[in-house]
Amino acid sequence: MYIVEFMGTIMHDLKFVRDHLDIVQESLKRRRSDLDLSALTQFDQDRRDALAKVEALKNIRNRVSDAVGRLKKAGLDDNNPIPEELADLVGPEVKQVGDLRQEMRRVSDDIKELDGLLLEAQEKINTLMMVIPNLPHSSVPIGAEAADNPVVRTWGEKPQMDFDPKAHWDIGEHLGILDFERAAKITGARFALYWGQGARLERALINFMLDIHTREHGYLEVLPPFMVNGVSMTGTGQLPKFAADLFKLEGTDYYLVPTAEVPVTNIHAQEILEEKDLPICYTAYTPCFRAEAGSYGKDTRGLIRQHQFNKVELVKFSRPETSYEELEKLLLNAEEILRRLNLHYQVVSLCTGDLGFSASKTYDIEVWLPGQGLYREISSCSNFEEFQARRANIRYRPTGQKKTAYVHTLNGSGLAVGRTLLAILENYQQNDGSVIIPEVLRPYMNGLEKITGVRV
RNA sequence: GGAGAGAUGACCGAGAGGCCGAAGGUGCUCGCCUGCUAAGUGAGUGAAUGGUUAACGCUGUUCCGAGGGUUCGAAUCCCUCUCUCUCCGCCA
């Protein structure tokens, strides 16, 4: 138990991975990852050998160079014999001050060569380290796939309907607020065009969510860039492994954000934060762009799986000691949106086999969709512990301690806006094809109580 | 897009081949002092990584935007790149 928790926080410390290879390898298996780490030991040995050698040479260079400076100042020219103190540092053939220069040139060349070897070993290690997923927290249920995710709690009830509930794409197209055909004409499959009250409802939801999180949950609103560079993508763990899921802008190092998690977590990349400022809580609206590679034929209808969708995100930077409390709070902050909208949902805890690459622990919130007769993910809330903080180098200074430490990063959707809209369409649909607007949204809809058609 | 200026520690800001891991200040830590607060005052205080130690610690190496080069030796000289600022052009 202890060791597992310990592991979670220290993951991707090279020293730890190197010294506990068997434990890490075992944990990978539990995650259903077949990554082979056996080469790591040799790479690290190479690295340390080169390091020891090159540092010894650099030490000699530093000391001799320093002495040369002093000798010159003292007025000794090249023909003078070298002082005793330097004799041990250089070869026996070096007798005069003038010989030192030549000897040091040779040492410098050796250093250059060893530095090259060192870099090579380091790169091999990095390449391997960057594709090792985070290790699950001890509380993560063990299982192979999504079907093994236990339900943590449910809230509300399925709405009673005395008619056959329709799927949102039928409702939306009938009302004229969702237009997939024209979106396909403009762009392609997996895009949506919203009309009139549909567009308005999407905008209302964004504002409603941001207002709750900023006014009641204590998050600071940020509006980040919707494109990020490769370094940021690596920091949060999308790269190097998941390049195929991203849209990259041709001829640049820029990517469309797949989630606000990337720009917002990277706000503090390379920074040392003050402990008194933690936890730092941000909320951000962004569109999200996903290539959805490998999902051909899945969820092809409606708003479920789009290349572009809107999301309000919650991001936290926490002290390690409190990160799991913060995760529970963040989860409740996301749930609160569904509660206010009176949408029935369940919370599941992702099992080891279903956990994402960067996460130590993840809860999914799944909303009930009567039109399809199933629960559907509408939010995913995770604690990444040190995983992203190491990659993005986000540290803080624990009070009273000399060393800096990595923060824990967390994030969760609060919520996916398109999926919230479709959940409203399906849960609030009426027999006549209209859709009642949840009360809390009416102030955001100019008082409108019911969607009856695009023009109204 | 054109022209110029710049990038130094948590932050501001000196430094212009060796005496620089880097003055001074802010912040922070530990004291002193004033009844509280503010002010004052003394000392300390960069990061990463390797070795060693039971530990306090001791010690090597690296880091002055990034990468190359010159040199026995680079924050400092040269080249390339990135970013920031100012002016001009264009533009929501």
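Here is the naming used below: chain letters follow the sequence lines, and residue numbers restart at 1 for every chain.
- The two residues A/His307 and A/Ala189 make their nearest non-hydrogen contact at CD2-O, 3.4 Å.
- Remark: the separation of the C1' atoms in B/U71 and B/U86 is 36 Å, to the nearest Å.
- Across the P atoms, B/C81 and B/G1 are found 13 Å apart, a figure rounded to whole Å.
- Looking at the side chain of A/Lys58, the nearest of the listed nucleotides B/C72, B/A48, B/U61 is B/U61.
- Between B/C30 and B/G15, the two P atoms lie 35 Å apart (nearest whole Å).
- Rounded to a whole Å, the OH atom of A/Tyr396 is 19 Å from the P atom of B/C28.
- Look at the P atom in both B/A66 and B/A10: the space between them is 13 Å, to the nearest Å.
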Determine all donor-acceptor pairs shorter than 3.5 Å in which one atom belongs to a side chain in residues 123-132 of chain A; sequence neighbours excluded.
unit_1   : atom_1 : unit_2   : atom_2 : d
A/Asn126 : OD1    : A/Gln122 : NE2    : 3.4
A/Thr127 : OG1    : A/Glu123 : O      : 2.7

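- In this structure, A/Glu216 places its CD atom where more than 12 heavy-atom neighbours from other residues, nucleotides or ligands lie under 6.0 Å away.
- Mapping A/Arg47 and A/Arg63 onto RNA chain B by nearest heavy atom places A/Arg47 at the nucleotide closer to the 5' end.
- Closest approach to the A/Leu51 side chain among B/G73, B/A10, B/G50 is made by B/G50 (side chain taken as heavy atoms from C-beta onward).
- Taking atom CG on A/Asp66 and atom C1' on B/C19, their separation rounds to 9 Å, with Å as the unit.
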How is the base pairing of RNA chain B summarised as a dot-bracket string, given the Watson-Crick and G-U wobble criteria with both distances under 3.5 Å, [ ] for crossing and | for another strand?
((((((((.[[[..)..(.....]]]((((((.......))))))(((((((....))))))).[[[[[..)....]]]]])))))))....
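- Side chain A/Glu55 to base B/G50: no donor-acceptor pair is found below 3.5 Å.
- The P atoms of B/C64 and B/A7 are separated by 14 Å, rounded to the nearest whole Å.
- Between A/Lys185 and A/Asp179, no side-chain nitrogen of the basic residue sits less than 4.0 Å from a carboxylate oxygen of the acidic one, so the salt-bridge criterion is not met.
- The same atom, P, is picked in B/U62 and in B/A75; the two are 10 Å apart, to the nearest Å.
- Taking atom CG of A/Leu100 as the reference point, atom P of B/C72 lies 12 Å away to the nearest angstrom.
- Counting non-hydrogen atoms under 4.0 angstrom, A/Arg395 reaches the backbone sugars and phosphates but no base.
- Using a 4.0 Å heavy-atom distance criterion, A/Lys112 is classed as a sugar-phosphate-only contact.
- Of the candidate nucleotides B/G60, B/G46, B/C72, B/G60 has the atom nearest to the side chain of A/Asn59.
- Atom C1' of B/G21 sits at a distance of 9 Å from the matching atom of B/C63, rounded to the whole Å.
- One P atom belongs to B/U45, the other to B/A23, and the distance between them is 11 Å to the nearest Å.
- Ring-plane geometry between A/His217 and A/His213 is classed as tilted, the angle between the planes lying from 30 to 60 degrees on a 0 to 90 degree scale.
- A salt bridge does not link A/Arg105 with A/Asp109: every distance from a Lys NZ or Arg NE/NH1/NH2 to an Asp or Glu carboxylate oxygen is 4.0 Å or more.
- In terms of position along RNA chain B, the nucleotide closest to A/Glu274 lies nearer the 5' end than the nucleotide closest to the other residue of the pair A/Asn62 and A/Glu274.
- No engagement by A/Val64 is indicated, since no non-hydrogen atom pair under 4.0 Å with the nucleic acid exists.
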Before giving the answer on ring-ring contact (aromatic ring centres under 6.0 Å, His included), spell out for A/Phe226 and A/Phe289 the whole-Å C-alpha distance, their side-chain angles and the decisive distance to 0.1 Å.
CA-CA 9 Å; A/Phe226 299 162; A/Phe289 302 92; 7.6 Å; no
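- Counting only heavy atoms from C-beta outward, the side chains of A/Ile424 and A/Pro438 approach each other to under 4.5 Å.
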